[in-house]
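Computation of the quantities below employed the complete heavy-atom set of this structure, encompassing side-chain atoms and omitting hydrogens, waters and symmetry-equivalent molecules.
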Amino acid sequence: MGDGFADIFVADYEKDLGIVIEIKYAQDGNLEKACDNALEQIFKKRYDDSIDVRKILRYGIGFYRKRCRIKGVSANADIPF
């Protein structure tokens, strides 16, 4: 079981697909680092452990003022990213 909850979780059980999104504010404006921190939190806290789907997409979103960056990781090689 995971430790806590992601900011956003979406599941399509018919397609056996889950999406986990964590959002971080980049206080220093470093959007890349904020994305990496968001993805690291998804993995460290195992947010996707309780998801009963086979395919999981994970997104880290970093934002600063009106700019944002999104990084994604797929745990399944059969999902185009």
Side-chain angles (χ1 to χ4, degrees):
M1 195 91 188
D3 301 327
F5 301 96
D7 290 324
I8 300 171
F9 168 70
V10 179
D12 184 339
Y13 294 106
E14 290 179 14
K15 294 183 180 178
D16 204 21
L17 175 67
I19 300 171
V20 179
I21 301 171
E22 185 64 28
I23 303 168
K24 293 288 181 194
Y25 180 70
Q27 293 184 359
D28 60 358
N30 187 338
L31 300 176
E32 186 79 21
K33 181 179 173 186
C35 287
D36 291 339
N37 289 340
L39 287 169
E40 181 180 343
Q41 183 172 328
I42 291 171
F43 286 104
K44 268 189 174 177
K45 296 198 175 196
R46 303 183 330 257
Y47 289 155
D48 52 0
D49 280 2
S50 60
I51 302 171
D52 191 25
V53 294
R54 190 176 63 84
K55 299 171 271 190
I56 300 172
L57 302 175
R58 298 164 184 89
Y59 293 97
I61 299 175
F63 72 96
Y64 180 73
R65 297 186 181 172
K66 293 187 177 190
R67 299 178 316 150
C68 77
R69 179 168 175 83
I70 302 170
K71 288 178 88 174
V73 175
S74 169
N76 311 87
D78 60 335
I79 301 174
F81 211 84

Check Ala26 against Tyr64 and note the closest heavy-atom contact, atom names and distance. O-CD1, 2.7 Å
Check whether any side-chain N or O of Asp12 sits under 3.5 Å from a backbone N or O of Lys15 as a donor-acceptor pair, and report yes or no. yes
Which value, rounded to the nearest 0.5 Å, describes the distance between Lys24 atom NZ and Asp36 atom CG? 12.5 Å
Other residues, nucleotides, ligands: >12 heavy atoms within 6.0 Å of Asp52 CG: no
Indicate the atoms forming the closest heavy-atom contact of Asn30 with Asp28, along with that distance. N-OD1, 3.0 Å
Got Arg67 and Leu31 here, is their nearest side-chain heavy-atom distance under 4.5 Å? yes
pair Ile19-Phe9: side-chain heavy atoms closer than 4.5 Å: no
Knowing that exactly one of Val20, Val73, Leu17 qualifies, which makes a side chain to side chain contact (heavy atoms under 4.5 Å, CB included) with Leu57? Leu17
Tightest non-hydrogen contact, residues Tyr59 and Gly72, listed as CD2-CA, 3.9 Å
Name all residues meeting the side chain to side chain donor-acceptor pair (under 3.5 Å) criterion together with Glu40; count only those two or more places apart in sequence or in a different chain, and write none if there are none. Lys44
Does one side chain, of Tyr47 or Gln41, offer a donor that lies under 3.5 Å from an acceptor on the other? yes
Would Lys55 and Asp16 pass as an ion pair if we require N to O under 4.0 Å? no
Test Arg58 against Phe43 for side chain to side chain contact (heavy atoms under 4.5 Å, CB included), laying out the working first. CA-CA 9 Å; Arg58 298 164 184 89; Phe43 286 104; 3.4 Å; yes
Under a 4.0 Å threshold between the charged nitrogen and the carboxylate oxygen, would Glu22 count as salt-bridged to Lys45? no
Considering all heavy atoms, the nearest Cys35-Lys71 contact: CB-CD, 3.4 Å
Quick one: does Asp7's side chain get under 4.5 Å of Ile21's, heavy atoms only? no
